[in-house]
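Everything below concerns the one structure shown next.
Worth knowing before you read on, the calculation uses all heavy atoms, side chains too, and leaves out hydrogens, waters and symmetry mates. Each chain gets a letter, A, B and so on, in the order its sequence line appears, and its residues count up from 1.
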Amino acid sequence: MPWTREDLAKRAARELRDGYYVNLGIGIPTLVANYIPAGMDVVLQSENGMLGMGPFPFEGEEDPDLINAGKQTITELPTSSFFSSSDSFGMIRGGHINLSVLGALEVAENGDLANWMVPGKMVKGMGGAMDLVAGVRRVVVVMEHNSKDGVPKFRPRCELPLTGANCVDMLITDLAVFERPDRSSPFKLLELAPGVTAEQVRAKTSARFE
Amino acid sequence: MCADAAAALAGLTRDGMTVMSGGFGLCGIPENLIVALRDSGARNLTVISNNAGVDGFGLGLLLETRQIRKMVSSYVGENREFERQYLAKELELEFNPQGTLAERIRAGGAGIYGFYTRTGAGTVVAEGKEQRTVNGELFVLETGLTADLSIVKAWKGDTEGNLVYRKTARNFNPMMATAGRVTVAEVEELVEPGTLDPDQIHTPGIFVQRIFRGTNYQKRIEQRTVRKRVG
């Protein structure tokens with residue numbers, strides 16, 4: 001049985017480590033915050049200028065000056081700090097963020113990522129995605145294994161314009177988890193969703209992996 | 001010090017000028033100055049802003065009146081009028097990665113011509129720009145940005161132009177304040193010199209030429225998200 005959105009978020013949360021500074025993308029990656037293991041100290045960064053993001057506010061306590069990168073109202077913690085966009089991306093580009101979890105449209109076998117231009121739709125912009133993949137030390141991608149019409153999204157080459165070249169370290173799909181030890185190695189099949197076989201994954205993937 | 005937004009922009013606006021406008025989404029945008037810029041009637045503007053407002057509010061007001069010729073932004077997904085004008089080729093658009101945009105503005109304000117960054121190297125963002133490999137890694141040259149006019153929003157300011165921002169409403173405002181040939185700031189509280197703690201000032205007054213107290217702040221929330229109280 002393929003993994004659900006919640007399962008993907010739970011699996012990505014297993015990549016968190018105590019003391020990590022983490023940036024979570026919009027969509028499934030945002031759900032990862034719900035599965036931070038109890039007792040683990042993880043600091044969430046929001047690229048619009050905040051470290052130490054707290055949970056959503058209680059109704060009536062929303063503050064329009066306090067939002068995350070998805071423009072959602074959030075709260076601060078006793079450990080929070082605020083800063084400018086240039087300081088924020090200094091953290092990101094400068095390699096000070098340990099882990100980023102992002103969504104994707106396509107991932108290539110060489111680690112290229114495409115996630116900002118949706119075919120046939122108005123291009124809305126890359127936001128901070130290109131900076132995140134260029135600077136964060138470890139990039140984990142969560143996505144559906146295949147598009148709605150069954151086309152493999154883990155492919156030999158990205159067809160869509162790239163967000164970043166050779167920047168993905170781990171790929172979590174609804175069928176399987178792929179990982180590589182460094183950015184000059186090929187991806188290896190690491191885990192399978194319950195009841196899914198390696199043969200089924202190969203049949204639904206056009207990328208090469210070990 | 002000026003009485004209001006119209007007075008603060010008097011003599012500063014003209015057709016074809018480049019304007020930087022602070023804010024992330026609708027958070028920390030200079031609400032009063034955007035309205036005054038609309039009312040100034042200046043046209044063919046190039047606007048540098050991370051986002052383009054929403055229909056009928058923020059920079060969406062300047063789109064409605066067709067005063068913007070070109071936007072330099074990182075994400076513009078929340079605006080139908082923007083999409084319509086862009087698809088009809090009435091509006092030019094230059095996408096910058098968000099961190100590259102922030103750093104280009106910081107560099108422009110700091111007198112730096114350009115910088116090499118990994119962000120966007122090997123992607124469409126690097127097309128037409130110099131790329132170079134250093135220690136096996138590919139970098140792209142991005143240039144500093146300045147503007148004829150920067151409009152920014154702060155929480156508190158004094159009559160010397162010193163500014164303090166509040167929470168995530170800071171975002172692009174501090175860099176934009178440094179990169180305008182003229183910078184105009186609107187604040188929620190305008191205080192006398194000596195009131196703000198000099199150790200806590202985010203933007204020193206040297207970067208701000210005109211300042212006024214804004215009124216009627218709407219501070220719209222784009223994605224109101226709450227959690228339930230338990231028990």
Side-chain angles (χ1 to χ4, degrees), chain A residues 30 46-50 53 55-76 80 82-93 95 112-114 116-117 121-135 161-167, chain B residues 24-28 50-52 73-79 82-83 86-87 93 95-107 117-125 138 155 165-175 202-203 217-229:
Chain A
T30 305
S46 190
E47 64 262 30
N48 55 318
M50 179 180 194
M53 257 197 293
F56 296 132
F58 293 120
E59 197 165 355
E61 295 179 2
E62 309 92 323
D63 183 341
D65 289 340
L66 185 45
I67 63 168
N68 65 17
K71 288 138 189 165
Q72 296 171 309
T73 44
I74 49 164
T75 55
E76 61 187 51
S80 298
F82 299 109
F83 34 83
S84 71
S85 300
S86 66
D87 282 344
S88 178
F89 283 95
M91 289 171 202
I92 290 167
R93 213 189 293 106
D112 289 357
L113 168 69
W116 73 284
M117 285 174 83
K121 284 195 178 168
M122 159 87 186
V123 181
K124 294 179 170 186
M126 68 290 282
M130 285 190 175
D131 308 279
L132 285 162
V133 301
L162 295 188
T163 305
N166 188 15
C167 60
Chain B
F24 179 93
L26 299 178
C27 182
N50 189 54
N51 313 94
S73 303
S74 87
Y75 188 83
V76 295
E78 322 295 342
N79 196 313
F82 186 103
E83 187 169 337
Y86 176 69
L87 293 175
L93 173 58
F95 277 129
N96 282 208
Q98 195 175 145
T100 294
L101 182 62
E103 191 63 13
R104 290 184 72 191
I105 298 165
R106 198 196 68 79
T117 175
R118 274 192 300 272
T119 303
T123 75
V124 292
V125 164
L138 188 62
W155 178 34
Y165 307 94
R166 184 172 177 274
K167 302 186 191 286
T168 55
R170 189 182 318 185
N171 55 64
F172 281 82
N173 284 296
M175 295 85 71
H202 299 135
T203 292
Y217 281 106
Q218 294 188 33
K219 290 200 177 184
R220 287 198 201 170
I221 292 173
E222 281 182 80
Q223 306 286 338
R224 188 176 300 275
T225 321
V226 296
R227 77 189 132 128
K228 289 219 164 64
R229 283 177 205 273

Interface check, chain A: of T119(B), V124(B), V76(B), most non-hydrogen pairs under 4.5 Å belong to T119(B)
In terms of heavy-atom pairs under 4.5 Å with chain B, the winner among A129(A), G70(A), G127(A) is G127(A)
Sorted by chain and residue number, the side chain to side chain contact (heavy atoms under 4.5 Å, CB included) partners of T123(B) (sequence neighbours excluded) come out as M130(A), L162(A), V125(B)
Honestly, the part of R118(B) sitting under 4.5 Å from a heavy atom of chain A is both
Name the orientation class of the two ring planes belonging to F95(B) and W116(A) (parallel below 30°, tilted from 30 to 60°, perpendicular beyond 60°).
perpendicular
Ranking K219(B), R227(B), K228(B), M175(B) by heavy-atom pairs under 4.5 Å to chain A gives rank one to R227(B)
#### Entry: Minimum side-chain heavy-atom gap K71(A)-Y75(B) below 4.5 Å
yes
Notebook entry, point to check: Just wondering, do F56(A) and Q72(A) contact through their side chains at under 4.5 Å, heavy atoms?
Noted result: yes
Among G120(B), A121(B), C27(B), the residue with the most heavy-atom pairs under 4.5 Å to chain A is C27(B)
Greatest number of non-hydrogen atom pairs under 4.5 angstrom with chain B, of S84(A), P161(A), A114(A), falls to S84(A)
Okay, E76(A) and chain B: the region with an atom under 4.5 Å from a heavy atom over there is side chain
Contacts of F82(A) meeting ring-ring contact (aromatic ring centres under 6.0 Å, His included) (sequence neighbours excluded), chain-then-number -> none
Margin query: Could you check whether any side-chain heavy atom of N50(B) comes within less than 4.5 Å of a side-chain heavy atom of Q98(B), counting everything from C-beta outward?
Written below: yes
Honestly, the part of R106(B) sitting under 4.5 Å from a heavy atom of chain A is side chain
Turns out that what part of Y86(B) lies under 4.5 Å from chain A's heavy atoms comes down to side chain
Looking only at E61(A), M50(A), R93(A), most heavy-atom pairs under 4.5 Å shared with chain B are made by R93(A)
So I67(A) and F24(B), do their side chains get closer than 4.5 Å, heavy atoms only? yes
Chain B shares the most heavy-atom pairs under 4.5 Å, among L66(A), D65(A), L132(A), with D65(A)
Applying a strict 4.5 Å limit to non-hydrogen atoms, the region of S46(A) in contact with chain B is neither
Turns out that what part of N173(B) lies under 4.5 Å from chain A's heavy atoms comes down to neither
Cut-off 4.5 Å, heavy atoms of chain B, and the answer for N166(A) is neither
Counting heavy-atom pairs under 4.5 angstrom with chain A, the leader among L26(B), I105(B), L138(B), T100(B) is T100(B)
Closest non-hydrogen atoms of S88(A) and N48(A), given as atom of the first, atom of the second and distance, are OG-N, 4.5 Å
**Prompt:** Ignoring hydrogens and geometry, is there a side-chain-to-backbone donor-acceptor pair from T73(A) to R224(B) under 3.5 Å?
**Reply:** no
ask   = Do T75(A) and P55(A) come close enough that some side-chain heavy atom pair is under 4.5 Å?
value = yes
Bottom line for T117(B): the part with an atom under 4.5 Å from chain A's heavy atoms is side chain
Given P64(A), G135(A), G60(A), the one with more heavy-atom pairs under 4.5 angstrom with chain B than any other is P64(A)
Assert top hit (heavy-atom pairs under 4.5 Å, partner chain A, pool H202(B), K167(B), E222(B), R220(B)) equals K167(B)
Would you say that E62(A) contacts V226(B) through its side chain, given a criterion of any heavy-atom pair below 4.5 Å between the two side chains? yes
Scored by heavy-atom pairs under 4.5 Å with chain A, the best of A102(B), S73(B), A52(B) is A102(B)
Check your understanding: Hey, are R166(B) and D63(A) close enough for a salt bridge, meaning a charged N less than 4.0 Å from a carboxylate O?
Key -> yes
Turns out that what part of V123(A) lies under 4.5 Å from chain B's heavy atoms comes down to both
